[in-house]
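Positions are given from 1 along the sequence.
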Amino acid sequence: LPFSYEIVRPFRPQIIKVIYCSKTGYRPIYDVLNLNGFHLKSQNKWITELNLQDNFGWKFVFDLPFYLTKASKLQWFQFKIVHRIFGTNHLSKMELKENDYCSFCNQYPETIAHLFWECTHVDIFWRSLKTWLTNDFNNEVFCNLSKIEIILGNRRTQKDSSIITLLAKQYIFKRKMKHFIPPIEPFKLHLRAYILSERCHALIMSGTFDKFFQTWKSFLVFWRSEQP
């Protein structure tokens, strides 16, 4: 056969070149997909369900849990929400649950949006949290938070408020798994335990206590007290 340059050097799509050139990690692959405006299936579903704009800041959403905390459980928790791989009673479609009704109100399908925002019992929890933070700490961030900001994150809030939002969702999920409604008082214990854990970590790790203190200084009286 005559010599063929195409046989020796076959054409390779750009994404294949990137895969072969990347020794470790998937960041170069992500950059190529992101450059072409690629949307994950989960993103498209959130865009439709929450009526998001085309210029919605997805990079902020994906990076937020890793900026807020070093706790892998919390990072993974928010990751599952964003990517819609979160376990709700919609698992009934997979025949893992008898029905898909909400674990709290037992009236509506338990979607992610319903579990963390639309359920009447959860709405009462958010209102109670807002009242507590406003009255005790003069924190009015939660007065104007929307469904989008609760579920996907809010770039307008300070770091402490964003962490509290994430912890509140984790608390709601834990109560759901036990089929208990989410009152505010046990959440105060949950929040204080997290802050004290972060404080212990900051005391052990050299040079990190100042950063911890700056994050939680507004709640100084709360986490230094005997009881929340």
Side-chain angles (χ1 to χ4, degrees), residues 24-27 30 57-83 85-87 115-117 122 125-146 148-178 180 182-228:
T24 59
Y26 294 92
R27 184 71 194 191
Y30 168 80
W58 284 107
K59 186 179 186 304
F60 165 82
V61 171
F62 292 138
D63 292 344
L64 182 62
F66 304 98
Y67 161 73
L68 293 178
T69 179
K70 299 297 183 183
S72 57
K73 287 185 178 180
L74 276 176
Q75 292 174 346
W76 177 236
F77 180 83
Q78 182 63 16
F79 180 92
K80 290 189 293 183
I81 292 175
V82 172
H83 290 272
I85 55 175
F86 191 82
L115 178 63
F116 292 120
W117 180 259
V122 173
F125 167 78
W126 288 119
R127 291 176 186 273
S128 300
L129 178 61
K130 176 186 70 175
T131 301
W132 175 57
L133 293 176
T134 302
N135 294 343
D136 288 25
F137 307 103
N138 198 29
N139 184 322
E140 299 182 352
V141 171
F142 285 83
C143 294
N144 301 311
L145 287 184
S146 66
I148 296 173
E149 293 165 335
I150 289 294
I151 295 175
L152 297 180
N154 181 12
R155 68 189 65 204
R156 295 183 291 107
T157 61
Q158 295 181 347
K159 188 175 183 180
D160 56 357
S161 298
S162 293
I163 296 174
I164 290 173
T165 304
L166 182 54
L167 287 168
K169 289 186 291 186
Q170 184 190 51
Y171 167 74
I172 290 170
F173 177 72
K174 287 183 176 181
R175 300 293 291 192
K176 160 210 153 42
M177 296 302 293
K178 295 181 180 179
F180 295 149
I184 186 63
E185 293 303 322
F187 174 71
K188 295 178 183 180
L189 298 175
H190 183 65
L191 173 60
R192 188 169 185 269
Y194 174 84
I195 297 176
L196 292 178
S197 174
E198 290 293 293
R199 177 177 178 270
C200 290
H201 179 77
L203 289 172
I204 295 173
M205 300 297 293
S206 176
T208 61
F209 187 81
D210 287 344
K211 186 177 180 180
F212 160 82
F213 187 81
Q214 287 300 315
T215 300
W216 296 108
K217 63 182 179 181
S218 299
F219 296 84
L220 181 64
V221 176
F222 171 68
W223 56 264
R224 277 190 172 178
S225 63
E226 290 293 330
Q227 294 294 334

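Annotation: side chain to side chain contact (heavy atoms under 4.5 Å, CB included) contacts of Ile204 (sequence neighbours excluded): none. Checked against side chain to side chain donor-acceptor pair (under 3.5 Å), Arg199 has no partners two or more places apart in sequence or in another chain.
For the residue pair Pro65 and Gln75, the shortest heavy atom distance occurs at O-CG, 3.6 Å. In terms of heavy atoms, His190 sits closest to Tyr171 at CD2-CB, 4.0 Å.
Rounded to the nearest 0.5 Å, atoms CZ (Phe79) and CD1 (Ile85) are 5.5 Å apart. The distance from the NZ atom of Lys176 to the NZ atom of Lys169 is 15.5 Å, given to the nearest 0.5 Å. In this structure, CZ in Phe212 is found 8.5 Å from SG in Cys200, a value given to the nearest 0.5 Å. Taken to the nearest 0.5 Å, the CG atom of Leu133 stands 7.0 Å off from the OG atom of Ser161. Atoms NZ and CH2, from Lys188 and Trp132 in turn, are 6.0 Å apart once rounded to the nearest 0.5 Å. If you take CZ on Phe142 and CG on Leu129, they are separated by 5.0 Å, rounding to the nearest 0.5 Å.
In this model, no donor atom of one side chain and acceptor atom of the other lie less than 3.5 Å apart for Ser218 and Asn139.
Counting heavy atoms from C-beta on, the side chains of Ile150 and Trp126 come closer than 4.5 Å. For the pair Phe219/Asp136, no side-chain contact is recorded, criterion being any heavy-atom separation below 4.5 Å from C-beta on. Residues Phe187 and Ile172 have side chains not in contact (no heavy-atom distance under 4.5 Å, counting atoms from C-beta outward). A heavy-atom distance below 4.5 Å is found between the side chains of Leu167 and Gln170. In this structure, the side chains of Leu191 and Trp223 stay at 4.5 Å or more apart for every pair of heavy atoms. The side-chain heavy atoms of Ile184 and Thr131, taken from C-beta on, include no pair separated by under 4.5 Å. Residues Trp117 and Val122 have side chains not in contact (no heavy-atom distance under 4.5 Å, counting atoms from C-beta outward). Leu145 is listed as a side-chain neighbour of Asn154, based on a closest heavy-atom distance under 4.5 Å.
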Check the pair Thr215, Ile163 against side chain to side chain contact (heavy atoms under 4.5 Å, CB included), reporting the backbone distance first and the verdict last.
CA-CA 10 Å; Thr215 300; Ile163 296 174; 4.3 Å; yes

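Under a cut-off of 6.0 angstrom, the local environment of NZ in Lys159 is crowded, with over 12 non-hydrogen atoms contributed by other residues, nucleotides or ligands.
Between the side chain of Glu149 and the main chain of Ser146, a donor-acceptor pair closer than 3.5 Å is present.
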When the side chains of residues 66-74 are checked against the rest of the protein, which donor-acceptor pairs come out under 3.5 Å, sequence neighbours left out?
unit_1	atom_1	unit_2	atom_2	d
Thr69	OG1	Ala71	N	2.9
Thr69	OG1	Tyr194	OH	3.0

